[in-house]
Amino acid sequence: VLSRTAFGCKQILLAACQALPAPVAPVMSIAMSLFAREPLPPIPPAVKFVLAVMVANAVGFGIIIPVTPALVMELSGQGVSEATAIGGGLAFVYAVAQFLFSPLMGNLSDRFGRRPILLASVGGFAIDFLVLAVAPSLVWLFAVRFFAGVFGASNAPAQSVIADVTPPEHRARMYGLIGAAFGAGFAFGPAIGGLLGGLGARMPFFVAAGLLAIAFIYGWMKLPETLTSENRRPFDWRRANPVGAFLEARKLSGLGAIASVYFLWQLATLVYPMTWSYFTIARYGWSQALVGLSLAGVGLAMVVMQTLILPIAVARWGERGTAVRGIIGGSISMLGFAAATQGWMVFALFPLMAMQSLVHANLTAMMTRRADATTQGEVQGFASAVMAVGSLIAPLLYNPLQAWFTGPSAPAAIPGVAYLVAGVIGLSSLPILLAMPRAKA
């Protein structure tokens with residue numbers, strides 16, 4: 001659906017350009033060259049399931065974002081500044097589990113296939129949201145977030161499905177569809193969560209659990225296995241841990257450079273899930289509903305970027321060139337949020353912010369070129385572990401900064417300080433990406 005919608009939008013834009021008057025013929029010519037692209041080849045059933053899961057995950061994740069601060073404040077009895085720091089602690093626990101278990105999940109998927117690991121992930125997330133809905137204390141929140149991090153580590157086999165069934169030249173576009181699916185779900189999730197928050201801070205968690213349960217049932221009935229028996233390899237505990245994964249990754253040319261960019265970019269973009277709700281409440285006094293609507297706007301911008309712009313950009317600039325432009329646009333938007341003094345300025349920056357959607361899909365496609373059919377899960381597990389390191393640092397960096405500079409003890413009120421730091425970190429990944437050697441197709 002996403003692929004056909006994107007192609008249909010291109011045809012509409014192409015027809016509009018053809019109707020332009022003669023004085024703007026150069027504009028028409030440029031637009032023709034940009035939008036006259038073929039749609040993606042048929043999407044394999046396994047990828048359709050991954051897309052469905054990404055939508056369900058995004059809706060479920062987005063639903064709880066607007067109400068999480070309220071739940072944390074309810075269970076802790078603290079204000080928004082203190083809740084920001086507690087929210088960072090929850091994210092840290094989640095990231096610890098992802099860091100420890102991502103290589104394990106990736107290696108398990110290389111041995112036993114993608115299907116059982118993906119189904120375990122979806123089922124685990126459903127249980128996570130259900131327990132969060134009835135959690136009686138902060139201790140429960142922390143315990144359940146670690147549990148969710150273990151199953152969240154199954155991002156590696158999900159990414160490996162794309163590499164299993166897609167030729168290298170189409171992987172960036174397929175990963176773009178994954179991002180678009182997440183963006184589509186994210187466009188609805190926060191808005192729904194903000195509205196459901198009126199029924200209580202726990203209601204969105206029940207709804208998220210139901211969505212993931214439906215996704216699990218769908219996967220149980222429809223998800224095929226994508227890893228053939230001849231491409232499976234024996235499981236080795238020495239490779240199924242963060243240290244072993246790093247040692248194995250060093251053997252692949254160029255993977256270390258991509259890992260560095262992965263880490264820095266992940267660390268930069270995590271400023272949004274770590275602080276967005278707290279930041280907009282503290283700086284602009286936004287309600288839960290407005291926080292949800294703002295995140296819905298971000299999701300819609302991501303869908304447009306991933307479905308319409310990404311395939312055009314990859315065709316014109318290649319995977320690395322597209323990622324470079326995404327990093328520049330995304331980093332500048334972070335600096336813009338740091339400087340924005342009015343709420344309308346935030347919405348004006350969304351198109352620039354959406355450019356960051358060009359980065360992850362292309363980095364992932366570049367990484368798959370450096371692995372063979374037997375090690376895709378392992379390499380994706382390594383990538384997830386690297387990103388988890390960023391997730392470990394982000395809550396220790398952004399949330400204390402946000403809490404300090406919005407609290408009563410701050411020497412000056414700087415609500416956007418986290419976005420200033422994130423923008424600098426994002427730009428620091430550019431030199432590494434530009435110096436990276438090209439992989440063989």
Side-chain angles (χ1 to χ4, degrees), residues 61-74 76 78-88 90-91 183 186-198 200-201 204 268-302 329-356 394-395 397-426:
F61 180 68
I63 280 177
I64 69 172
I65 287 179
V67 297
T68 298
L71 180 60
V72 171
M73 286 186 281
E74 173 190 323
S76 66
Q78 303 292 330
V80 65
S81 179
E82 294 81 2
T84 303
I86 296 172
L90 291 170
F186 203 74
F188 294 102
I192 297 171
L195 296 175
L196 288 175
T269 56
L270 279 172
V271 71
Y272 296 110
M274 294 298 104
T275 68
W276 185 261
S277 297
Y278 305 100
F279 163 67
T280 52
I281 291 172
R283 185 157 198 175
Y284 308 115
W286 285 3
S287 65
Q288 292 180 1
L290 191 52
V291 171
L293 289 174
S294 71
L295 292 172
V298 173
L300 289 173
M302 288 172 60
S331 299
I332 292 175
S333 70
M334 295 172 193
L335 299 177
F337 290 133
T341 57
Q342 302 293 327
W344 66 265
M345 299 178 182
V346 171
F347 288 95
L349 286 166
F350 279 0
L352 196 60
M353 176 190 180
M355 288 184 66
Q356 71 184 42
L397 174 64
Y398 298 131
N399 292 76
L401 274 176
Q402 184 81 10
W404 172 253
F405 283 99
T406 57
S409 302
I414 312 176
V417 64
Y419 293 86
L420 174 63
V421 173
V424 173
I425 292 173

Enquirer: Specify the closest pair of heavy atoms between P351 and A348, including all atoms of both residues, with the distance to one decimal.
Expert: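 P351 and A348 have their closest heavy atoms at CD-O, 3.4 Å.
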
Enquirer: A418 and Y398: which non-hydrogen atoms are nearest, and at how many Å?
Expert: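 Scanning both residues, the minimum pair turns out to be O-CE2, 3.6 Å.
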
Enquirer: Distance check, rounded to the nearest 0.5 Å: L352 atom CG versus L335 atom CG?
Expert: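 It is 9.5 Å, given to the nearest 0.5 Å.
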
Enquirer: Rounded to the nearest 0.5 Å, how far apart are CE of M334 and CG of L349?
Expert: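 Rounded to the nearest 0.5 Å, the CE-CG separation comes out at 12.0 Å.
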
Enquirer: Determine the minimum heavy-atom distance between F350 and V346, stating which atoms define it.
Expert: CD1-O, 3.3 Å

Enquirer: Atom CD1 of I332 and atom CE of M353: how far apart are they, to the nearest 0.5 Å?
Expert: 14.5 Å

Enquirer: Looking at residues at least two apart in the chain, or sitting in another chain, which of them share a side chain to side chain contact (heavy atoms under 4.5 Å, CB included) with L401?
Expert: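 For L401 the side chain to side chain contact (heavy atoms under 4.5 Å, CB included) partners, ignoring immediate neighbours, are L397, F405, V417, V421.
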
Enquirer: Going by atom type alone, with no hydrogens or angles, which donor-acceptor pairs under 3.5 Å involve a side-chain atom of residues 338-345 and a protein atom two or more places apart or on another chain?
Expert:
none

Enquirer: Which heavy-atom pair separates G426 from S331 by the least distance, and what is that distance?
Expert: C-OG, 3.4 Å

Enquirer: Among F337, W286, Y272, Y284, whose ring pair (Phe, Tyr, Trp, His ring centres under 6.0 Å) with F279 holds?
Expert: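 For F279, the ring pair (Phe, Tyr, Trp, His ring centres under 6.0 Å) check succeeds only for Y284.
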
Enquirer: Hey, is the main chain of G330 close enough, under 3.5 Å, to the side chain of S333 for a donor-acceptor pair?
Expert: yes

